[in-house]
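To find a chain, count down the sequence lines: A is the first, B the second, and so on, and within it residues start at 1. In what follows, every heavy atom counts, from backbone to side chain, and hydrogens, waters and symmetry copies are set aside.
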Amino acid sequence: MEVLQLLISGLSLGCVYGLIALGLVLIYKATETVNFAQGEVMMLGAFLAYTFVNVLGWPFALGFVATLAVMGVVGALLERVLMRPMLGEPPFAALMLTIGLGFVLRAIAGAAWGNEPHTLRTPFAGDVLRFGELVVGTENIAIVLGTAILCGGLYLFFRFARVGIALQAASQNQLAAFYVGIPVQRVFALVWALSAMVAATAGVLVAPVSLIDPLMGFIAIKAFAAAIVGGFGSLPGAIVGGLIVGVVEQFASRYLPPGFGDTSAYIILLVMLVARPEGIFATLQRKKV
Amino acid sequence: MTEQASTAPLLELKNIETHYGPVMAIRGVSLNVPAGQVVAVLGANGAGKTTVLKTISGAMEPQKGSVAFGGQNISGWAPDRVARLGVGHVPEGREVFPFLTVEENLRMGAYSRKDAGVKDDLELVYGYFPSLAERRRLAAGFLSGGQQQMLAVGRALMLRPALMLLDEPSLGLSPRLTHDIAEIIARLNAEQGVTLLLVEQNAKMALDLADYGYVMELGRVVMEDTAARLKDATDIKEFYLGMKEEGVRGRRRWKARKTWR
Ligand SMILES: Nc1ncnc2c1ncn2[C@@H]1O[C@H](COP(=O)(O)OP(=O)(O)OP(=O)(O)O)[C@@H](O)[C@H]1O
Ligand SMILES: [Mg+2]
């Protein structure tokens, strides 16, 4: 029973890592930039939701939708204002820029909302569901369900929407995408918008579990591990990588000596880099190329 | 004024210069492509043919000179904008979208089009390339090189281009496939009224198809004439059609060797 309990909390935590990783991989696949501020984008989304729901008193659903909308605009603006001028510069410059962006976003959040933790008022937190002996927090269920819905939506978007396919095209062959008339820059702005919305969703889902403060974005470090475990370039891989990291972390903190819980993500990462540096989902990719 | 516009070529390059960083790849090239014609650009490896096409489609910006399409100056335009103007570019080395299916690749070719004719044009492309029709649901990365080349041509066709830029469509194709693709290029020009700018190493194929031809060397146009006359020019025979005595050829090889790095 305990095992099942741990598995569930590990999966829900893993979903959050997976969602942050998903946002990272989206941007990386399309633009070959790693956004080191992905965790801070998530944090910003959580604070926005907090502002709409707790401070302004909007209903949760409305506050969430407003958060997605604002974060979409924020993501697109980041691409337009920060990343686009970096085109043609060495990739290193763009990486440094995103690291700097993380610092700036943390400082802004600290100034705007303070450094003490906040609790987002959600309709799905604080309750438990009992299945016999098994007790599951509703926030955990919300995280897993929310992630599943988001992934389903993204799958449909990439599979069937014209823009979604154009987005894949631009990430597979940028020059050819230009040549067929796809407005590649606008597509990249859309990728950043999507990625910010995914991050904001992660922030809202994890808020009841981890509280909101300017440093909450640091869990993105584990999402990096998740993304690499998943192959850094595969969207399903990002989620699976997140789930692995989340589950192992839960079991490690329960059954291994103290300290192993928080470091387990990096241990998995090291093991993966040695045993299978191309990530779990690499065979699929290699075959596709 | 109006008369001039109507007689102006569909595509007009005036004295363009294009650089890769400090390297000047194009050193003042002027060329015209009249509407409805097939114009060939010949030249050895590294002559700058691909760079000329990239400059036309906006992938590279010319430092000097101008590119005019349909009388409009398009130098410095982003490539997606040039494409939406009706310039289809079939790049060197069949740059398909490898994880998208054949049909998705073709639909992406029509990305900028809003009209209802896309479905008909899909069938048109499948008509030209039956081997693609059999593989519509296959990821393009799984196609053979020749099939990918056809897909790249088909994808550019989906734009309903007024002008199509073809960069070495015969590259790496068997003589039979080369013949097939040459036939299709001729049909596109005759049946669809597409104006073509054709870059080729295969001078025989290109000059058979073309109305007019340019020969490039080291970033410059060194010769231009009607295709018929170029075919007879001795230099072309020597360098591109491979009709040359062995002795001189050996010397050429040695000379080429000195530029190896
Ligand atoms: N990406 C690049 N960076 C720097 N120099 C380049 C680049 N691409 C081409 N060049 C240089 O520009 C010149 C023209 O190259 P280009 O590709 O246009 O030749 P080409 O005529 O198309 O040759 P090929 O027949 O081999 O395709 C060459 O000297 C080449 O070395
Ligand atoms: Mg070339």
Rounding to 0.5 Å, atoms NE2 (His89(B)) and CG (Leu197(B)) come to a distance of 9.0 Å
Turns out that what part of Arg107(B) lies under 4.5 Å from chain A's heavy atoms comes down to neither
One should read off an interatomic distance between Cys151(A) SG and Phe157(A) CZ, to the nearest 0.5 angstrom, of 14.0 Å
So, the part of Val90(B) with a heavy atom under 4.5 Å from chain A: the answer is neither
Residues 59-83 of chain B vs chain A, non-hydrogen distance cutoff under 4.5 Å, contacting residues -> Ala59(B), Pro79(B), Asp80(B), Ala83(B)
| said: Parallel, tilted or perpendicular, judged at 30° and 60°: which one describes the rings of Phe232(A) and Tyr28(A)? | reply: perpendicular
Q. Has the side chain of Thr98(A) got a donor or acceptor atom that lies under 3.5 Å from a matching backbone atom of Phe36(A)?
A. yes
Rounding to 0.5 Å, atoms CG (Leu97(A)) and CD (Glu89(A)) come to a distance of 10.5 Å
Among Asn105(B), Leu100(B), Val87(B), Leu85(B), the residue with the most heavy-atom pairs under 4.5 Å to chain A is Leu100(B)
Applying a strict 4.5 Å limit to non-hydrogen atoms, the region of Leu175(A) in contact with chain B is side chain
The single option from Leu145(A), Ile143(A), Val144(A), Ile149(A) that satisfies side chain to side chain contact (heavy atoms under 4.5 Å, CB included) with Thr147(A) is Ile143(A)
Is the shortest heavy-atom distance from the side chain of Ile26(B) to the side chain of Met216(B) under 4.5 Å?
yes
*asked:* Would Glu200(B) and Lys49(B) count as a salt bridge (charged side-chain N to carboxylate O under 4.0 Å, His left out) here? Give the steps.
replied: CA-CA 9 Å; Glu200(B) 260 301 335; Lys49(B) 308 178 295 296; over 6 Å; no
- Message: Applying side chain to side chain contact (heavy atoms under 4.5 Å, CB included) to Thr33(A) and Met83(A), what does each step give before you reach the verdict?
- Response: CA-CA 9 Å; Thr33(A) 302; Met83(A) 304 318 291; 3.7 Å; yes
* Just by distance, do the side chain of Gln192(B) and the backbone of Val194(B) share a donor-acceptor pair under 3.5 Å? -> no
Checking heavy-atom separations under 4.5 Å from chain A, one finds in residues 147-173 of chain B Arg155(B), Leu159(B)
Q) Taking the six-membered ring of Tyr111(B) as reference, does the NZ or CZ atom of Arg162(A) fall below 6.0 Å from its centre and within a 45° cone about the axis? A) yes
